[in-house]
Amino acid sequence: MLDLKALQNDFESVAAKLRKKKVDETQLAKLKEISLKLKEQRKILEELQAEQNAKSKLFPVYQKEGKDIAELKKELAENKQKIAVEQDIVRDLEEEMYEIALNIPNIPDDDVPEGEDEEDNVELKKVLDPRKFDFTPKEHWDLKITPDWIDFERGVKLAKSRFSVLKNDAARLERALINYMLDFNRSRGFEEVSVPYLVNRDSLLGTGQLPKFEDDLFKIEEEPLYLIPTAEVPVTNLFRDEILQKEELPAKLTSYTACFRKEAGSAGRDTRGMIRQHQFDKVELVAVTTPEQSDQVFDEMVACASDLLTSLGLPHRLVLLCGGDLGFSAARTIDLEVWLPGQNRYREISSISNTRAFQARRAKIRYKEGKKNLPVHTLNGSSLAVGRTLIAIMENYQNADGSVTIPAVLQHYMT
RNA sequence: GGACAGGUGGGUGAGCUGGCUGAAACCACAUCCCUGCUAAGGAUGCGUACUGGCAACGGUACCGAGGGUUCGAAUCCCUCCCUGUCCGCCA
């Protein structure tokens, strides 16, 4: 959530920064107005309440002294009416304010480039040169081995389109990748956790998926629970409503989960193959840090994911997202895009974001700094999307005969 | 799912015949004192959010959540959620 105090005190600079993210300025102005009005109304309410409290305390005194309490009682009954009216005003303003505030995205970092969409993202560097094929590399769904590995039709039969079934070495390779990634992350200081795949509304509000992106989520019908779109949600919310000791920070966690997304806005995109599925596996990195630590930990997370790709021999590049392409909660994001020779292009395989204090304010994750409780910084990043890694291995390690060589680092995970 | 018992500050836990309780006590924690180390002892402080004030220090709200009764509720009433135990069911 936006820092409302910053908005009240320095509206112009907040508005200017949010322009990069294409935020409707009238909403911002309205938010500021409401928050100021709320402040006034709260003051009025609190004064009435103070009066009520003070005079109520007179009752036992009067009774002891044998005084008449009828007059006092009448006075307070009237005051009570005023309080009720004022309370409604305050409540309405609060609701209005939260509704607007919860729908305003995070402020991008100052060095985030201006831009509309992915066209304007900035490539930071390339890692590993794409392999030179002496035959025309195929896309992962066209390999000779694919029917033996992926059953798209029966995934659809079991659920619906955008579901698939892995078989034989592909099923084992998926499991090997998960184990390899978790071990790798652990060696970089990320502690492993295993978390629920269903979460409640408060959790999704905390990390910013709700209220704005309800349509992207699978919801359980008879209960207010949702399938997680990413492990970022349960893992970050581990700390929701908690005050952490400074010594506990940075907390660095890694978790493997399945992820579920409706892909509501992606009709017709990536319908072939396994690039875009309603259910996919992902190993995630999450960090909770002090503001001073967050830049360094962000770099560690980017390095972790990039090194993981390198260790798998997968060529990739690092891309700094522009303002227009930045997600709702992110102040800065670096995407890792893996080279897919069959598609002859780089495709996103990991996305690492620093949300600064945005999620921390929503989820009330704080740490003790001296006597104060300050919001932490939260960061998250994939390391990596397992399905896409599988695809990348299939395309990059394909042989002329349509078979696939398993990367060396994974071989002992598959014995 | 059924029956009963509960949900209080970082933890344990009193209060729950309504006002003196934002909350005893103990533990943990912090600072200080004392003791040549260690152990022990003593003093003080120590919930959260918003808000007024340079500060000292105040105001309001919060005792699972939301309503209600009352001049006044942690304490009474209602609804919901959660936890524990037993039974049922189940990997």
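A, B, ... follow the sequence lines: proteins, then strands. Residue 1 opens every chain.
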Quote, to the nearest angstrom, the P distance that separates B/G59 from B/G22.
11 Å

Verdict with reasoning, A/H377 to A/F298, per ring pair (Phe, Tyr, Trp, His ring centres under 6.0 Å):
CA-CA 10 Å; A/H377 280 195; A/F298 181 79; over 10 Å; no

In this structure, how many angstroms lie between the P atom of B/U60 and the CD atom of A/E86, rounded?
16 Å

Ignoring hydrogens and geometry, is there a side-chain-to-backbone donor-acceptor pair from A/N354 to A/R356 under 3.5 Å?
yes

What closest approach, in Å, do A/S255 and A/V195 show between heavy atoms, and which atom pair accounts for it?
OG-CG2, 3.8 Å

Under 6.0 Å between ring centres: does that hold for A/Y413 and A/Y180?
yes

Strictly below 4.0 Å: does A/K368 bring a side-chain N or O up to OP1 or OP2 of B/U48?
yes

Taking the same atom, P, in B/C54 and in B/C71, what whole-Å distance lies between them?
39 Å

What contact category does A/N373 fall into here, base, sugar-phosphate, or nothing, at under 4.0 angstrom with non-hydrogen atoms?
sugar-phosphate

Take the protein atom CG of A/D241 and the nucleotide atom P of B/G64, then report the distance between them rounded to whole Å.
15 Å

Please check this pair: side chain of A/K20 against backbone of A/D110, looking for a donor-acceptor N/O pair closer than 3.5 Å.
yes

Whole-Å distance separating the NZ atom of A/K43 from the C1' atom of B/C50:
14 Å

Sticking with atom P, work out how far B/A23 lies from B/G42, rounded to a whole angstrom.
24 Å

For the C1' atoms, the ones on B/G1 and on B/G9, what distance do you get once it is rounded to whole angstrom?
36 Å

Interatomic distance at P, B/G19 relative to B/A74, whole Å:
10 Å

Rounded off to whole Å, could you give me the CZ-to-P distance for the A/R201 and B/C81 pair?
16 Å

Would you say the side-chain atoms of A/N380 and A/T355 include a donor-acceptor pair closer than 3.5 Å?
no

Kindly say whether A/L320 contributes a backbone atom to a donor-acceptor pair with the side chain of A/R332 at under 3.5 angstrom?
no

Can you see if the side chain of A/K246 gets near the phosphate of B/C29 - specifically, an N or O under 4.0 Å from OP1 or OP2?
no

So what does A/I243 hit on the nucleic acid, given a heavy-atom distance under 4.0 Å: a base, only sugar-phosphate, or nothing?
sugar-phosphate

Just checking, any donor-acceptor pair under 3.5 angstrom between side chains of A/T257 and A/E284?
no

Can you run through RNA chain B from 5' to 3' and write each base as (, ), [, ], | or . depending on how it pairs? Watson-Crick or G-U wobble, both distances under 3.5 Å.
((((((((.[[[..)...(.....]]].(((((.......))))).((((((....)))))).[[[[[..)....]]]]])))))))....

Compare side-chain N and O positions of A/R366 against OP1 and OP2 of B/U48 and report whether any pair is under 4.0 Å apart.
no

When the P atoms of B/C46 and B/C87 are considered, how many whole Å apart are they?
48 Å

Pick the C1' atom in B/A24 and in B/C78, then give their distance to the nearest Å.
31 Å

Name the residue closer to the 5' end of RNA chain B, choosing between A/L58 and A/E51 according to the nucleotide with the nearest heavy atom.
A/L58

Mark yes when over 12 heavy atoms from residues, nucleotides or ligands other than A/K74 sit less than 6.0 Å from its NZ; otherwise mark no.
no

How far does the P atom of B/G84 sit from the matching atom of B/U12, given to the nearest Å?
14 Å

Once you round it to whole Å, what is the distance between P of B/G47 and NZ of A/K372?
17 Å

A correct 5'-to-3' footprint of nucleotides 66-73 of chain B, with B, S and - meaning base, sugar-phosphate only and no protein heavy atom under 4.0 Å, is -S--BBS-

Between atom CG in A/N200 and atom C1' in B/A65, what is the gap in whole Å?
13 Å

Nearest 0.5 Å, please: how far is NE2 in A/H278 from NZ in A/K160?
4.0 Å

Rounding to a whole Å, what distance do you find between A/L4:CG and B/U51:P?
10 Å

Charged tip of A/K246 within 45° of A/Y367 ring normal and under 6.0 Å
no

Distance in angstrom units between A/I44 CD1 and B/C50 C1', rounded:
16 Å

